[in-house]
There are 2 protein chains.
Amino acid sequence: MNKTSSLPPSVARLIDAFAQLPGIGPKSASRLAYHLLRAPLEHSMMLADALRDLKARTKLCSRCYNITESDPCEICMDEKRDQSLICVVEEPLDVSAIERVRSFNGVFHVLHGVISPMNGLGPDDLKINELIARIAKQATSDEPVREIILATNPTLEGENTAAFIQRKLAASKVSVSRLARGLPVGGDLEYADEVTLSRALEGRQQLR
Amino acid sequence: MNKTSSLPPSVARLIDAFAQLPGIGPKSASRLAYHLLRAPLEHSMMLADALRDLKARTKLCSRCYNITESDPCEICMDEKRDQSLICVVEEPLDVSAIERVRSFNGVFHVLHGVISPMNGLGPDDLKINELIARIAKQATSDEPVREIILATNPTLEGENTAAFIQRKLAASKVSVSRLARGLPVGGDLEYADEVTLSRALEGRQQLR
């Protein structure tokens, strides 16, 4: 007798489907299923429809590889944006994070991962060659790439990926930057880890 | 500009639908949506199908009000079960919890909530009248109800609901019990709250 044997098959199936999602254990999955049983029918249907549309309507932008419904994506097509400034991020979610800040007016390039030999991911599994090709292609246009911001995560793999891309770009004239590392705003110096604190010291800014 | 304005509409819609589920905030909702974008198509479809089937296939058992695909439900129809012993629980999830223990061989009655004036839930919003009617009806059968176990949660509202049902049953000859309250197995006396500890003392069991 397994955990869900006393449940109607349709409920058990939904619990199993929820439990396959990241961060949702069997208990949360049950709670979600029973919540939907009590909630109005429209809620389950709305979620079901959204799930069906998800893959049918989305694709990767052929320029920046962000997820989009139109190709090129809205950001790449936006004439007010600076096409000569490319922010390189790991995942589409990172694009949303930077867009939320509202202070970035360049465009993006989504790598779809980081170099991670542990997970069998090499440089060719990411959109790195596509970035190099994009820069080369744009070099002959009226708006050649001026700066690449390497905005991979400040993790070991993120740093390694940034370093790899930087080496790849060594021959080009494009300037390359990295997001500043330091104390998070609102954070407490006392609780900062040594590496963050050491980066905050190294990157200290002259006030006068 | 809202949080999801830089997202394709189909992704934003899925994030919104996920974020309406209990315990899933906007961040988790985004993570789930992007997980499904990367995952095989079958996973989203499986979840979508399960959601569509959920309400179409399930109903409440006309005897115990548990969620079921067949009426009466499998537990009520199981001839090996003791129909004279009814365990009264708040929610269908509680049935699963007790079934998992495997030591209960009676049947259930699901109240679908607790008496909660704060949430506008009175006795008539629950399946309490149905419980009284069920006991009355069964009294004339070959297997009249012998015992009612009030297994509502050990919360204020659960206790009040149990007390209410107990009063309702005062006139009948059915014996009424309540799940034991005490220290959770594997718990630490030092960290037990006063109420639990006081219940554990009151309910202490003679060893010899």
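Hydrogens, waters and symmetry mates are skipped; everything else that's a heavy atom, side chains included, is used.
The line from CD1 of B/Ile24 to CG of A/Leu21 is 7.5 Å long, rounded to the nearest 0.5 Å. Rounding to the nearest 0.5 angstrom, the gap separating the CG atom in B/Leu93 from the CG atom in A/Leu7 is 8.0 Å. Once rounded to the nearest 0.5 Å, the distance linking OG of B/Ser10 with CD1 of A/Ile67 reads 9.0 Å.
Counting heavy-atom pairs closer than 4.5 Å to chain B, the top residue among A/Thr58, A/Thr68, A/Leu14 is A/Leu14. Contact tally against chain A (heavy-atom pairs below 4.5 Å) for B/Pro92, B/Gly23, B/Cys73, B/Ser28: the top residue is B/Pro92. When each of A/Ile75, A/Asp53, A/Val95 is scored by its heavy-atom pairs under 4.5 Å with chain B, the top score falls to A/Asp53. The residue among B/Lys55, B/His112, B/Gln20 with the most heavy atom pairs within less than 4.5 Å of chain A is B/Lys55.
Within 6.0 Å of CG on A/Asp142 lie no more than 12 heavy atoms contributed by other residues, nucleotides or ligands. More than 12 heavy atoms of other residues, nucleotides or ligands sit less than 6.0 Å from atom CG of A/Asp193.
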Show me the donor-acceptor pairs, under 3.5 Å and distance only, between side chains in residues 31-52 of chain B and residues at least two apart or in other chains.
from, atom 1, to, atom 2, distance (Å)
B/Arg38, NH1, A/Glu91, OE1, 3.1
B/Asp49, OD1, A/Arg52, NH2, 2.5
B/Arg52, NH2, A/Asp49, OD1, 2.5

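Chain B is approached within less than 4.5 Å, heavy atom to heavy atom, by no residue from residues 121-128 of chain A.
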